Amino acid sequence: MKGIPSRWLALAVLILAVLLVAVDATVLGLATPYLSEDLEPTGNQLLWIGDVYSFVIAGLLVSMGSLGDRIGRKKLLLVGATAFGALSLLAAYATSPEMMIATRALLGVAGATLMPSTLALIRNLFLDPKERSVAIGIWGAAASAGAAVGPVVGGFLLEHFWWGSVFLINLPVMAVLVLVGVRLLPESKNPDPGPWDLPSVGFSLVGMIGIVYCVKELASHHTGAMAIAAGIAGALSLLAFVRRQLALPTPLLDMRLFRHRGFSGAVLADLLTILGLSGLVFFLSQFLQLVQGRTPLQAGLAELPAAIGAVAAGLVAGAVARRYSVRAIVAGGLAAIGVALAVLVFLTAHTGFPVLGPVLLVVGVGAGFSFTVTADVILSSVPKEQAGAASAVSETAYELGAALGIALLGSVVTAVYRGFATPSGVPAGVEAAAHESLGGAVDSATQLPSGLASGLLASAQEAFVDGLRIACGVGAVVLLATAVGAWFLLRGQSLQDGVDESAAGQLASGDEWCVDGRAHGR
């Protein structure tokens, strides 16, 4: 590695953190059936095992991004990574549903330190905007690759080992990240940050958890007083958060950032893109396994074209955006995703890989272009001292978009699915379980004679595919509308071409990176 600039070696360390979070977000879904058999959680406990990580991480992203700006992004990243590794070991050997829920919640706390810190360090490592665009492209490509590799690795582990192995794969990655990161990563923080306002942290946490919890409960058709109360409490807490930020001399999140049209446009584009894509992302794995009969490993491999497209597009997105324009690349990428989703309106249970593969490739290319450029716009729109908070806003938009998308599009799929006609002769208890979910129908069919079982499965699978088609159609409309919005909101927005003179000046005047215990300039 001699001769490689230290900033690129540091980027390689940051990529490990990105890969870890991306893989961890995808493997739990595959492990859920095995985990359920061993720990025997109730239905409500199983939901909390799956959801509590996203609740906590959504609630703490902005607070942790701001904390990194104050105490140092390297310090926060390494502490968070160490905690993530230790908690992964605890999760792998959880002995009860309660222990698993608590561990997943703490993993959310640790996970909230990782993604904002990685992007913020990239903002401060790469002073040349062209280099920074390449670095962000690599960062995005790693996230896409991790999301795709997760099901493949998880499927392999689950076919050969016990469910805890999907958590243990975090340990060697974390060990390398911490041991190498101590030496290679530079420390950076806001030189004049002000205090970390704990009431703001509380408002942010309660607000985001309340909103996300309410949305997910409504998606599950749980319209009880608890869900409504959580939504109201969340909305009031977020309002209090915004009011407090406007009043504080050194806020946790500078709300004036949203006055920048490029920043606001990029954040909104990210949120709506994830919202529109969530129907496909959330239900595709079920389609491949429960409708087409693929194994978890085969399903993971079938989804690889999306990751390949995202990686390839992300690596060249910055250069292409400079050659043409930011709004053309973002709007074009979103439109491509919209068209690909529109093609899936014609999906059937027998649609093969020759159709699915190219469609997923187009989705990946479109996402790679749009997400990479919007991340670049978000980071370029703020002072480098606020890079952690800005990165956290971007990640929060992703989490909120996913929650809203699963709620809205998940409701569409569920409503269509539950209306399927049950063959006569199916017992009432079996029928009720089959109408809960496609997985329930598959399990219920094992209790029936072969003739009834095949009829029940065929009807359930047809209804599921009908729902998925409608969700893809709605997603296509959302993506195409977002493409039009991005065209106008990102008008005149461009990526920087010159070196960040203010940051370079700080380096020249002695504000140098500290790597390996020694000071380094560019």
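Since the model is a prediction, treat every value here as computed from it, not as a measurement.
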Any side-chain heavy-atom pair from [X] and [Y] closer than 4.5 angstrom?
| X | Y | answer |
| --- | --- | --- |
| Thr482 | Val478 | yes |
| Val413 | Ile470 | no |
| Thr113 | Val79 | no |
| Phe241 | Val206 | no |
| Leu304 | Leu360 | no |
| Ile136 | Phe371 | no |
| Pro251 | Arg244 | no |
| Leu107 | Ile57 | no |

Is the backbone of [Y] close enough, under 3.5 Å, to the side chain of [X] for a donor and an acceptor to pair up by distance?
| X | Y | result |
| --- | --- | --- |
| Arg322 | Ala317 | no |
| Arg469 | Phe346 | no |
| Thr351 | Leu347 | no |
| Thr372 | Phe369 | no |
| Ser204 | Val201 | no |
| Ser63 | Leu60 | no |

So which heavy atom on [X] is nearest to which on [Y], and how close?
| X | Y | value |
| --- | --- | --- |
| Leu114 | Gly80 | CD2-C, 4.1 Å |
| Ala302 | Phe353 | O-CE1, 3.4 Å |
| Ala269 | Leu334 | CB-CD1, 4.5 Å |
| Ala112 | Met64 | O-CB, 3.4 Å |
| Leu361 | Pro305 | CD1-O, 3.5 Å |
| Ile337 | Ser370 | CD1-OG, 4.5 Å |

Spacing of [X] atom [atom1] and [Y] atom [atom2] [to the nearest 0.5 Å]:
| X | Y | atom1 | atom2 | value |
| --- | --- | --- | --- | --- |
| Ile15 | Leu177 | CD1 | CG | 11.0 Å |
| Ile122 | Ile138 | CD1 | CD1 | 8.5 Å |
| Ser237 | Ile232 | OG | CD1 | 11.5 Å |
| Thr118 | Arg73 | OG1 | CZ | 12.0 Å |
| Lys75 | Leu67 | NZ | CG | 9.5 Å |
| Ile211 | Met208 | CD1 | CE | 8.0 Å |

From the list Ile378, Val330, Leu275, side-chain contact (heavy atoms from CB on, under 4.5 Å) with Asp270 holds only for Ile378
Can you confirm whether or not the ring centre of Phe263 sits under 6.0 Å from the ring centre of Phe258?
yes
If you count every heavy atom of other residues, nucleotides or ligands that lies below 6.0 Å from Phe488 atom CZ, does the total exceed 12?
no
Applying side chain to side chain contact (heavy atoms under 4.5 Å, CB included), run through Phe287 and Val465 and close with a yes or a no.
CA-CA 8 Å; Phe287 170 80; Val465 174; 3.9 Å; yes
